[in-house]
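Everything below concerns the one structure shown next.
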Amino acid sequence: MCGFIGIYGNKDVFYDIYTGLLAIQHRGQDSSGIITYSGRFNMKKGNGLVRDVFGEKHASYLRGEIGIGHVRYPTVGGGGAEDAQPFYVNMPYGIAMAHNGNIINYFSLKRELEEKNRRHLNSRCDVEAILNVLAYELEKEGDFSVDGLFSALERTYERLLGSYSVVAIIRDKGLLAFRDPHGIKPIVFGKRGEEFIFASESVALDVLEFEFLGDIKPGEAVFITREREVVRRKIREETHTPCIFEWVYFARPDSVIDGISVYEARLRLGRELAKLIKERGIIPDVVIPVPDTSRAAALALAEELNIPYREGLIKNRYIGRTFIMPTDRERSSSVRMKLNPMRFELAGKKVLVVDDSIVRGHTSRQIIELIRSTGASEVYFASYSPPLRYPCLYGIDMQTRGEFIARNRTVEEIKHIIGADELVYQTVDGLIRGVKGEKEMSFCTACFTGEYPTDVPEDMLRMIEEDRKRKE
Ligand code: SF4
(Lines give C-alpha, C1' and ligand atoms only; values in the text may rest on other atoms or scores of the structure.)
Protein backbone atom coordinates (compact mmCIF):
# COMPACT_ATOMS: atom_id res chain seq x y z
CA MET A 1 0.00 0.00 0.00
CA CYS A 2 1.34 3.41 -0.97
CA GLY A 3 0.05 6.89 -1.60
CA PHE A 4 1.00 9.65 -4.01
CA ILE A 5 0.28 13.22 -5.02
CA GLY A 6 1.13 14.89 -8.34
CA ILE A 7 0.55 18.63 -8.83
CA TYR A 8 0.90 20.89 -11.85
CA GLY A 9 0.65 24.29 -10.19
CA ASN A 10 1.37 27.88 -11.10
CA LYS A 11 3.86 28.51 -8.30
CA ASP A 12 6.21 26.33 -6.24
CA VAL A 13 4.32 23.16 -5.32
CA PHE A 14 6.50 21.89 -2.47
CA TYR A 15 4.22 23.01 0.38
CA ASP A 16 1.11 21.64 -1.31
CA ILE A 17 2.76 18.29 -1.95
CA TYR A 18 4.08 18.17 1.60
CA THR A 19 0.64 18.97 3.03
CA GLY A 20 -1.05 16.47 0.71
CA LEU A 21 1.37 13.74 1.74
CA LEU A 22 0.61 14.40 5.41
CA ALA A 23 -3.08 13.82 4.61
CA ILE A 24 -2.31 10.41 3.10
CA GLN A 25 0.47 9.39 5.49
CA HIS A 26 -1.72 6.48 6.69
CA ARG A 27 -1.05 4.79 3.31
CA GLY A 28 2.64 4.29 4.08
CA GLN A 29 5.05 5.15 6.86
CA ASP A 30 8.16 3.45 5.61
CA SER A 31 9.55 6.09 3.28
CA SER A 32 8.65 9.48 1.87
CA GLY A 33 9.83 11.31 -1.20
CA ILE A 34 9.23 14.41 -3.30
CA ILE A 35 10.59 15.37 -6.71
CA THR A 36 9.98 18.73 -8.37
CA TYR A 37 11.10 20.18 -11.67
CA SER A 38 12.47 23.72 -12.11
CA GLY A 39 14.64 23.41 -15.21
CA ARG A 40 16.17 20.35 -13.52
CA PHE A 41 14.82 17.63 -11.28
CA ASN A 42 15.16 18.30 -7.54
CA MET A 43 14.62 15.28 -5.36
CA LYS A 44 14.65 14.37 -1.70
CA LYS A 45 13.57 11.00 -0.38
CA GLY A 46 14.41 8.73 2.51
CA ASN A 47 13.10 6.29 5.08
CA GLY A 48 10.63 7.69 7.58
CA LEU A 49 7.50 9.79 7.93
CA VAL A 50 6.93 12.90 5.84
CA ARG A 51 7.57 15.15 8.86
CA ASP A 52 10.90 13.38 9.51
CA VAL A 53 12.20 13.35 5.96
CA PHE A 54 11.32 16.97 5.09
CA GLY A 55 12.12 20.21 6.87
CA GLU A 56 11.95 23.93 6.19
CA LYS A 57 15.28 23.85 4.34
CA HIS A 58 13.84 21.60 1.62
CA ALA A 59 11.40 24.30 0.49
CA SER A 60 14.25 26.33 -0.99
CA TYR A 61 15.70 23.29 -2.74
CA LEU A 62 12.52 21.59 -3.98
CA ARG A 63 11.51 24.44 -6.29
CA GLY A 64 9.23 24.19 -9.28
CA GLU A 65 5.61 24.42 -10.30
CA ILE A 66 5.33 20.71 -11.08
CA GLY A 67 6.09 17.90 -8.67
CA ILE A 68 5.15 14.51 -7.30
CA GLY A 69 5.32 13.07 -3.81
CA HIS A 70 5.03 9.57 -2.43
CA VAL A 71 4.65 7.68 0.84
CA ARG A 72 5.54 4.05 0.73
CA TYR A 73 5.17 0.75 2.42
CA PRO A 74 7.49 -1.90 0.94
CA THR A 75 5.97 -4.65 -1.20
CA VAL A 76 8.27 -6.07 -3.85
CA GLY A 77 11.18 -3.86 -2.80
CA GLY A 78 13.10 -4.60 0.39
CA GLY A 79 12.31 -1.32 2.13
CA GLY A 80 15.78 0.23 1.93
CA ALA A 81 16.29 3.92 1.19
CA GLU A 82 17.23 2.99 -2.40
CA ASP A 83 13.67 1.67 -2.86
CA ALA A 84 11.99 4.91 -1.80
CA GLN A 85 9.98 6.64 -4.53
CA PRO A 86 9.83 8.71 -6.74
CA PHE A 87 12.31 7.45 -9.34
CA TYR A 88 13.54 9.21 -12.46
CA VAL A 89 15.38 8.49 -15.69
CA ASN A 90 17.20 10.98 -17.89
CA MET A 91 16.32 9.41 -21.24
CA PRO A 92 14.13 10.23 -23.06
CA TYR A 93 13.25 13.80 -21.95
CA GLY A 94 13.66 13.08 -18.23
CA ILE A 95 10.77 11.25 -16.59
CA ALA A 96 10.00 11.09 -12.86
CA MET A 97 7.46 8.60 -11.54
CA ALA A 98 5.71 7.26 -8.43
CA HIS A 99 3.07 4.56 -8.11
CA ASN A 100 0.76 2.60 -5.86
CA GLY A 101 0.22 -1.07 -6.55
CA ASN A 102 2.32 -4.07 -7.42
CA ILE A 103 3.61 -5.39 -10.72
CA ILE A 104 3.20 -9.14 -10.50
CA ASN A 105 5.33 -9.93 -13.53
CA TYR A 106 8.09 -7.77 -12.02
CA PHE A 107 10.82 -10.41 -12.10
CA SER A 108 10.32 -11.39 -15.73
CA LEU A 109 9.90 -7.73 -16.70
CA LYS A 110 13.16 -6.81 -14.97
CA ARG A 111 14.95 -9.60 -16.84
CA GLU A 112 13.44 -8.50 -20.12
CA LEU A 113 14.38 -4.84 -19.54
CA GLU A 114 17.95 -5.71 -18.65
CA GLU A 115 18.57 -8.39 -21.27
CA LYS A 116 16.52 -7.15 -24.24
CA ASN A 117 16.00 -3.41 -23.72
CA ARG A 118 19.43 -2.62 -22.23
CA ARG A 119 17.96 -0.81 -19.29
CA HIS A 120 19.51 -1.50 -15.93
CA LEU A 121 17.41 -1.29 -12.75
CA ASN A 122 19.16 -0.04 -9.61
CA SER A 123 16.53 -0.93 -7.01
CA ARG A 124 14.09 -3.70 -6.19
CA CYS A 125 11.16 -1.33 -6.48
CA ASP A 126 8.65 -2.16 -9.18
CA VAL A 127 7.99 1.46 -10.15
CA GLU A 128 11.48 1.53 -11.59
CA ALA A 129 10.39 -1.26 -13.96
CA ILE A 130 7.23 0.65 -15.00
CA LEU A 131 9.30 3.80 -15.51
CA ASN A 132 11.83 2.02 -17.70
CA VAL A 133 9.16 0.29 -19.79
CA LEU A 134 7.44 3.62 -20.46
CA ALA A 135 10.80 5.33 -21.15
CA TYR A 136 11.80 2.57 -23.57
CA GLU A 137 8.46 2.64 -25.40
CA LEU A 138 8.41 6.45 -25.51
CA GLU A 139 11.92 6.58 -26.94
CA LYS A 140 10.77 4.40 -29.84
CA GLU A 141 8.23 7.08 -30.76
CA GLY A 142 10.92 9.64 -31.72
CA ASP A 143 9.94 13.30 -31.24
CA PHE A 144 7.43 13.86 -28.47
CA SER A 145 3.75 14.13 -29.30
CA VAL A 146 0.67 13.49 -27.20
CA ASP A 147 -0.45 10.78 -29.66
CA GLY A 148 3.00 9.20 -29.42
CA LEU A 149 2.74 9.22 -25.63
CA PHE A 150 -0.57 7.34 -25.75
CA SER A 151 0.82 4.83 -28.26
CA ALA A 152 3.77 4.23 -25.92
CA LEU A 153 1.29 3.78 -23.07
CA GLU A 154 -0.63 1.15 -25.07
CA ARG A 155 2.55 -0.89 -25.44
CA THR A 156 3.45 -0.26 -21.78
CA TYR A 157 0.07 -1.66 -20.68
CA GLU A 158 0.69 -4.76 -22.80
CA ARG A 159 3.88 -5.46 -20.85
CA LEU A 160 2.57 -4.82 -17.33
CA LEU A 161 0.59 -7.30 -15.24
CA GLY A 162 -0.84 -6.40 -11.84
CA SER A 163 -2.10 -3.24 -10.22
CA TYR A 164 -0.61 0.14 -11.02
CA SER A 165 -1.86 3.60 -10.32
CA VAL A 166 0.88 5.87 -11.58
CA VAL A 167 1.79 9.55 -11.66
CA ALA A 168 4.69 10.90 -13.71
CA ILE A 169 6.35 14.14 -14.79
CA ILE A 170 7.63 14.25 -18.34
CA ARG A 171 10.18 17.05 -18.37
CA ASP A 172 8.99 20.18 -20.21
CA LYS A 173 5.98 18.23 -21.55
CA GLY A 174 3.48 17.75 -18.73
CA LEU A 175 2.04 15.69 -15.90
CA LEU A 176 0.70 12.18 -16.54
CA ALA A 177 -1.43 9.77 -14.51
CA PHE A 178 -2.66 6.32 -15.47
CA ARG A 179 -4.53 3.45 -13.84
CA ASP A 180 -4.38 -0.27 -14.63
CA PRO A 181 -7.16 -1.87 -16.71
CA HIS A 182 -8.94 -3.22 -13.61
CA GLY A 183 -8.55 0.05 -11.68
CA ILE A 184 -7.43 -1.89 -8.61
CA LYS A 185 -5.86 1.03 -6.76
CA PRO A 186 -7.47 4.46 -6.68
CA ILE A 187 -6.50 7.76 -8.31
CA VAL A 188 -8.54 10.94 -8.05
CA PHE A 189 -8.20 14.05 -10.12
CA GLY A 190 -8.85 17.70 -9.17
CA LYS A 191 -8.49 21.32 -10.20
CA ARG A 192 -7.89 24.64 -8.42
CA GLY A 193 -8.05 27.50 -10.92
CA GLU A 194 -5.45 26.57 -13.55
CA GLU A 195 -3.72 24.07 -11.26
CA PHE A 196 -4.24 20.29 -11.42
CA ILE A 197 -3.75 17.47 -8.96
CA PHE A 198 -3.71 13.67 -9.02
CA ALA A 199 -3.82 11.86 -5.67
CA SER A 200 -4.42 8.44 -4.17
CA GLU A 201 -7.28 9.69 -2.01
CA SER A 202 -9.78 12.53 -2.25
CA VAL A 203 -8.89 13.70 1.27
CA ALA A 204 -5.72 15.28 -0.19
CA LEU A 205 -7.89 17.39 -2.52
CA ASP A 206 -10.10 18.49 0.39
CA VAL A 207 -7.13 19.56 2.49
CA LEU A 208 -5.58 21.52 -0.39
CA GLU A 209 -8.94 22.96 -1.49
CA PHE A 210 -8.88 21.49 -4.99
CA GLU A 211 -12.20 20.88 -6.69
CA PHE A 212 -12.85 17.15 -7.11
CA LEU A 213 -13.16 16.32 -10.83
CA GLY A 214 -13.59 12.56 -10.42
CA ASP A 215 -11.71 9.28 -10.43
CA ILE A 216 -9.32 8.22 -13.16
CA LYS A 217 -11.21 5.35 -14.77
CA PRO A 218 -9.81 1.81 -15.04
CA GLY A 219 -7.39 1.62 -17.95
CA GLU A 220 -7.46 5.39 -18.43
CA ALA A 221 -4.53 7.79 -18.83
CA VAL A 222 -4.79 11.54 -18.28
CA PHE A 223 -2.13 13.96 -19.50
CA ILE A 224 -1.93 17.64 -18.53
CA THR A 225 0.09 19.48 -21.15
CA ARG A 226 2.28 22.54 -20.56
CA GLU A 227 -0.58 24.64 -21.91
CA ARG A 228 -2.77 23.04 -19.18
CA GLU A 229 -4.85 21.19 -21.72
CA VAL A 230 -6.32 17.99 -20.23
CA VAL A 231 -6.13 14.96 -22.56
CA ARG A 232 -7.97 11.84 -21.33
CA ARG A 233 -7.91 8.51 -23.17
CA LYS A 234 -8.91 4.96 -22.39
CA ILE A 235 -5.87 2.78 -23.05
CA ARG A 236 -7.38 -0.58 -22.21
CA GLU A 237 -10.35 -1.72 -20.20
CA GLU A 238 -11.27 -4.83 -18.27
CA THR A 239 -13.95 -5.27 -15.61
CA HIS A 240 -13.47 -2.59 -12.98
CA THR A 241 -12.48 -4.42 -9.79
CA PRO A 242 -11.19 -1.91 -7.25
CA CYS A 243 -9.57 -3.25 -4.07
CA ILE A 244 -12.40 -3.76 -1.57
CA PHE A 245 -9.92 -3.48 1.29
CA GLU A 246 -9.64 0.25 0.61
CA TRP A 247 -13.11 0.70 2.12
CA VAL A 248 -12.50 -1.87 4.86
CA TYR A 249 -9.22 -0.57 6.18
CA PHE A 250 -6.77 1.39 4.05
CA ALA A 251 -8.47 4.60 3.12
CA ARG A 252 -9.32 7.46 5.45
CA PRO A 253 -13.03 7.57 6.36
CA ASP A 254 -13.33 11.08 4.91
CA SER A 255 -12.23 9.89 1.44
CA VAL A 256 -14.53 8.95 -1.43
CA ILE A 257 -13.22 6.25 -3.78
CA ASP A 258 -14.87 5.42 -7.09
CA GLY A 259 -17.97 7.27 -5.98
CA ILE A 260 -18.36 5.42 -2.66
CA SER A 261 -17.80 7.21 0.64
CA VAL A 262 -15.43 5.19 2.83
CA TYR A 263 -17.26 6.29 5.99
CA GLU A 264 -20.68 5.34 4.67
CA ALA A 265 -19.37 1.98 3.47
CA ARG A 266 -18.08 1.27 6.98
CA LEU A 267 -21.45 2.22 8.49
CA ARG A 268 -23.16 -0.24 6.13
CA LEU A 269 -20.59 -2.93 6.97
CA GLY A 270 -21.45 -2.45 10.65
CA ARG A 271 -25.16 -2.92 9.89
CA GLU A 272 -24.45 -6.07 7.89
CA LEU A 273 -22.42 -7.44 10.78
CA ALA A 274 -25.20 -6.61 13.23
CA LYS A 275 -27.53 -8.96 11.31
CA LEU A 276 -25.09 -11.84 11.87
CA ILE A 277 -24.69 -11.03 15.58
CA LYS A 278 -28.48 -11.11 15.93
CA GLU A 279 -28.75 -14.40 14.05
CA ARG A 280 -26.19 -15.94 16.39
CA GLY A 281 -28.17 -14.77 19.43
CA ILE A 282 -25.21 -12.89 20.89
CA ILE A 283 -26.33 -10.17 23.32
CA PRO A 284 -23.45 -7.98 24.54
CA ASP A 285 -23.70 -5.25 27.21
CA VAL A 286 -21.43 -2.90 25.32
CA VAL A 287 -19.93 -2.54 21.82
CA ILE A 288 -16.41 -1.15 21.47
CA PRO A 289 -14.28 -0.48 18.37
CA VAL A 290 -10.63 -1.24 17.91
CA PRO A 291 -9.58 2.34 17.13
CA ASP A 292 -9.43 4.03 14.72
CA THR A 293 -10.57 2.21 11.57
CA SER A 294 -13.45 0.30 13.16
CA ARG A 295 -15.28 3.23 14.78
CA ALA A 296 -17.88 3.77 12.07
CA ALA A 297 -18.76 0.07 11.74
CA ALA A 298 -18.94 -0.44 15.53
CA LEU A 299 -21.15 2.63 15.93
CA ALA A 300 -23.62 1.48 13.24
CA LEU A 301 -23.61 -2.05 14.65
CA ALA A 302 -24.38 -0.79 18.18
CA GLU A 303 -27.21 1.41 16.85
CA GLU A 304 -28.68 -1.52 14.95
CA LEU A 305 -28.56 -3.76 18.03
CA ASN A 306 -29.66 -0.94 20.33
CA ILE A 307 -26.72 -1.59 22.64
CA PRO A 308 -24.44 1.13 24.11
CA TYR A 309 -21.37 2.08 22.06
CA ARG A 310 -18.34 3.02 24.14
CA GLU A 311 -14.68 3.87 23.61
CA GLY A 312 -13.21 0.90 25.47
CA LEU A 313 -9.68 1.10 24.11
CA ILE A 314 -7.73 4.33 24.02
CA LYS A 315 -5.06 4.61 21.41
CA ASN A 316 -1.70 6.27 21.70
CA ARG A 317 -1.66 8.30 18.49
CA TYR A 318 2.10 8.38 18.29
CA ILE A 319 2.59 4.68 17.60
CA GLY A 320 2.44 3.45 13.98
CA ARG A 321 -0.34 1.26 12.59
CA THR A 322 0.42 -2.32 13.68
CA PHE A 323 -0.82 -3.86 10.45
CA ILE A 324 1.79 -2.14 8.40
CA MET A 325 4.78 -2.77 10.64
CA PRO A 326 6.98 -5.16 8.74
CA THR A 327 7.87 -7.90 11.25
CA ASP A 328 5.90 -9.87 13.84
CA ARG A 329 8.22 -8.75 16.62
CA GLU A 330 7.52 -5.07 15.92
CA ARG A 331 3.80 -5.78 15.61
CA SER A 332 3.40 -7.65 18.88
CA SER A 333 5.38 -5.24 21.01
CA SER A 334 3.46 -2.29 19.67
CA VAL A 335 -0.07 -3.50 20.60
CA ARG A 336 0.32 -2.97 24.36
CA MET A 337 2.06 0.34 23.83
CA LYS A 338 -0.66 1.42 21.48
CA LEU A 339 -3.88 0.50 23.27
CA ASN A 340 -4.99 1.01 26.86
CA PRO A 341 -8.34 -0.41 28.08
CA MET A 342 -10.96 1.74 29.91
CA ARG A 343 -11.54 -0.46 32.96
CA PHE A 344 -14.66 1.26 34.27
CA GLU A 345 -16.42 0.80 30.90
CA LEU A 346 -15.56 -2.89 30.62
CA ALA A 347 -15.32 -4.50 34.08
CA GLY A 348 -18.07 -7.07 34.72
CA LYS A 349 -19.55 -6.61 31.23
CA LYS A 350 -20.09 -8.79 28.17
CA VAL A 351 -17.99 -6.85 25.65
CA LEU A 352 -18.31 -7.06 21.87
CA VAL A 353 -15.10 -5.85 20.19
CA VAL A 354 -15.38 -4.82 16.54
CA ASP A 355 -12.33 -4.83 14.28
CA ASP A 356 -11.87 -4.40 10.54
CA SER A 357 -10.15 -7.75 9.95
CA ILE A 358 -8.07 -10.52 11.48
CA VAL A 359 -4.79 -11.07 9.65
CA ARG A 360 -2.40 -13.14 11.71
CA GLY A 361 -4.48 -13.14 14.88
CA HIS A 362 -1.70 -11.83 17.17
CA THR A 363 -3.25 -8.41 17.56
CA SER A 364 -6.76 -9.81 18.15
CA ARG A 365 -5.46 -12.20 20.85
CA GLN A 366 -3.64 -9.42 22.68
CA ILE A 367 -6.66 -7.13 22.51
CA ILE A 368 -8.87 -9.85 23.98
CA GLU A 369 -6.32 -10.46 26.77
CA LEU A 370 -6.24 -6.72 27.50
CA ILE A 371 -10.02 -6.56 27.78
CA ARG A 372 -10.18 -9.64 29.99
CA SER A 373 -7.57 -8.05 32.26
CA THR A 374 -10.12 -5.34 33.11
CA GLY A 375 -12.52 -7.93 34.58
CA ALA A 376 -14.88 -8.14 31.58
CA SER A 377 -17.16 -11.16 32.09
CA GLU A 378 -17.17 -12.25 28.41
CA VAL A 379 -15.35 -11.01 25.30
CA TYR A 380 -16.88 -11.45 21.85
CA PHE A 381 -14.92 -10.56 18.73
CA ALA A 382 -16.44 -9.48 15.42
CA SER A 383 -14.62 -8.73 12.19
CA TYR A 384 -16.47 -6.61 9.66
CA SER A 385 -14.55 -8.30 6.84
CA PRO A 386 -14.56 -12.07 6.11
CA PRO A 387 -11.67 -14.44 6.93
CA LEU A 388 -8.49 -13.46 5.09
CA ARG A 389 -7.16 -16.57 3.40
CA TYR A 390 -5.25 -15.69 0.23
CA PRO A 391 -2.24 -13.48 -0.45
CA CYS A 392 -2.70 -10.04 -1.95
CA LEU A 393 -0.57 -9.69 -5.04
CA TYR A 394 -1.52 -6.10 -5.69
CA GLY A 395 0.51 -4.14 -3.20
CA ILE A 396 -0.60 -5.03 0.32
CA ASP A 397 1.63 -6.38 3.07
CA MET A 398 -0.13 -9.66 3.68
CA GLN A 399 1.31 -11.53 0.79
CA THR A 400 2.57 -14.77 2.27
CA ARG A 401 0.02 -17.57 2.28
CA GLY A 402 1.26 -19.00 5.58
CA GLU A 403 0.62 -15.75 7.48
CA PHE A 404 -3.16 -15.88 7.68
CA ILE A 405 -4.68 -17.36 10.80
CA ALA A 406 -7.73 -18.34 8.74
CA ARG A 407 -5.73 -19.97 5.96
CA ASN A 408 -6.41 -23.60 6.98
CA ARG A 409 -8.56 -23.17 10.08
CA THR A 410 -12.25 -23.12 10.93
CA VAL A 411 -13.85 -20.15 12.67
CA GLU A 412 -14.17 -22.31 15.80
CA GLU A 413 -10.41 -23.00 15.80
CA ILE A 414 -9.60 -19.34 15.31
CA LYS A 415 -11.94 -18.43 18.18
CA HIS A 416 -9.91 -20.68 20.51
CA ILE A 417 -6.55 -19.38 19.29
CA ILE A 418 -7.46 -15.75 19.83
CA GLY A 419 -9.24 -16.58 23.11
CA ALA A 420 -12.68 -15.13 22.29
CA ASP A 421 -15.95 -16.37 23.83
CA GLU A 422 -17.62 -15.85 20.46
CA LEU A 423 -16.20 -14.96 17.05
CA VAL A 424 -18.24 -13.58 14.17
CA TYR A 425 -16.93 -12.82 10.70
CA GLN A 426 -18.64 -10.81 7.97
CA THR A 427 -19.68 -12.91 4.95
CA VAL A 428 -18.30 -12.17 1.47
CA ASP A 429 -21.83 -11.26 0.31
CA GLY A 430 -22.28 -8.97 3.31
CA LEU A 431 -18.92 -7.33 2.57
CA ILE A 432 -19.84 -6.63 -1.04
CA ARG A 433 -23.37 -5.45 -0.16
CA GLY A 434 -21.99 -3.22 2.57
CA VAL A 435 -19.35 -1.56 0.43
CA LYS A 436 -21.31 -1.03 -2.76
CA GLY A 437 -24.52 0.22 -1.18
CA GLU A 438 -26.83 1.32 -4.02
CA LYS A 439 -24.08 1.20 -6.69
CA GLU A 440 -23.72 -1.60 -9.23
CA MET A 441 -20.08 -2.56 -8.93
CA SER A 442 -17.62 -5.45 -8.83
CA PHE A 443 -14.55 -5.56 -6.61
CA CYS A 444 -11.30 -7.37 -6.12
CA THR A 445 -12.01 -9.67 -3.16
CA ALA A 446 -9.10 -12.02 -3.86
CA CYS A 447 -7.67 -12.07 -0.33
CA PHE A 448 -11.03 -13.43 0.87
CA THR A 449 -12.03 -15.61 -2.09
CA GLY A 450 -8.83 -16.49 -3.96
CA GLU A 451 -10.40 -15.14 -7.17
CA TYR A 452 -7.82 -12.80 -8.66
CA PRO A 453 -8.93 -10.31 -11.29
CA THR A 454 -5.63 -10.72 -13.23
CA ASP A 455 -3.54 -13.71 -14.29
CA VAL A 456 -1.24 -14.93 -11.52
CA PRO A 457 2.12 -16.45 -12.38
CA GLU A 458 2.95 -19.28 -9.90
CA ASP A 459 6.60 -18.16 -9.81
CA MET A 460 5.46 -14.77 -8.42
CA LEU A 461 3.78 -16.48 -5.45
CA ARG A 462 6.91 -18.52 -4.77
CA MET A 463 9.24 -15.53 -5.00
CA ILE A 464 7.13 -13.41 -2.66
CA GLU A 465 7.20 -16.13 -0.03
CA GLU A 466 10.96 -16.61 -0.33
CA ASP A 467 11.55 -12.85 -0.25
CA ARG A 468 9.38 -12.50 2.85
CA LYS A 469 11.12 -15.33 4.70
CA ARG A 470 14.50 -13.73 4.02
CA LYS A 471 13.29 -10.47 5.57
CA GLU A 472 11.92 -12.07 8.76
S1 SF4 B 1 -6.34 -9.08 -2.79
FE2 SF4 B 1 -7.44 -8.00 -1.15
S3 SF4 B 1 -6.08 -6.36 -0.44
FE4 SF4 B 1 -5.29 -7.12 -2.42
S5 SF4 B 1 -6.18 -5.74 -3.95
FE6 SF4 B 1 -7.56 -7.50 -3.78
S7 SF4 B 1 -9.05 -6.91 -2.19
FE8 SF4 B 1 -7.32 -5.50 -2.06
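As a basis for the values below, the full set of heavy atoms in this structure was taken, side chains included, without hydrogen atoms, waters or symmetry mates. Both counts, for ligands and for their atoms, begin at 1 and track the order of listing.
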Look at Cys444 and state whether any of its N, O or S atoms is less than 2.8 Å from atom 8 (Fe) of ligand 1.
-> no
Gap between atom CD1 of Ile197 and atom CZ of Phe210 - 0.5 Å precision = 4.5 Å
For ligand 1, which atoms, with element, lie under 4.0 Å from some heavy atom of [X]?
X	result
Ala446	1 (S)
Phe245	3 (S), 8 (Fe)
Tyr394	5 (S)
Ile244	7 (S)
Cys447	1 (S), 2 (Fe), 3 (S), 7 (S)

State whether Glu246 and Arg27 are salt-bridged, where the test is any N-O pair (Lys NZ or Arg NE/NH1/NH2 against Asp/Glu carboxylate O) under 4.0 Å.
-> yes
Are any of the side-chain nitrogens in Lys185 or Asp215 under 4.0 Å away from the carboxylate oxygens of its partner?
-> no
Plane angle bin for Phe189 and Phe196 - parallel if under 30°, tilted between 30 and 60°, otherwise perpendicular | parallel
Would you call the rings of Phe443 and Trp247 parallel, tilted or perpendicular if under 30° counts as parallel and over 60° as perpendicular?
-> perpendicular
Atom 4 (Fe) of ligand 1 to nearest N/O/S of Cys243 less than 2.8 Å | no
May I ask you to check if Arg236 and Tyr157 form a cation-pi contact, with NZ or CZ under 6.0 angstrom from the six-membered ring centre and within 45° of the axis?
-> no
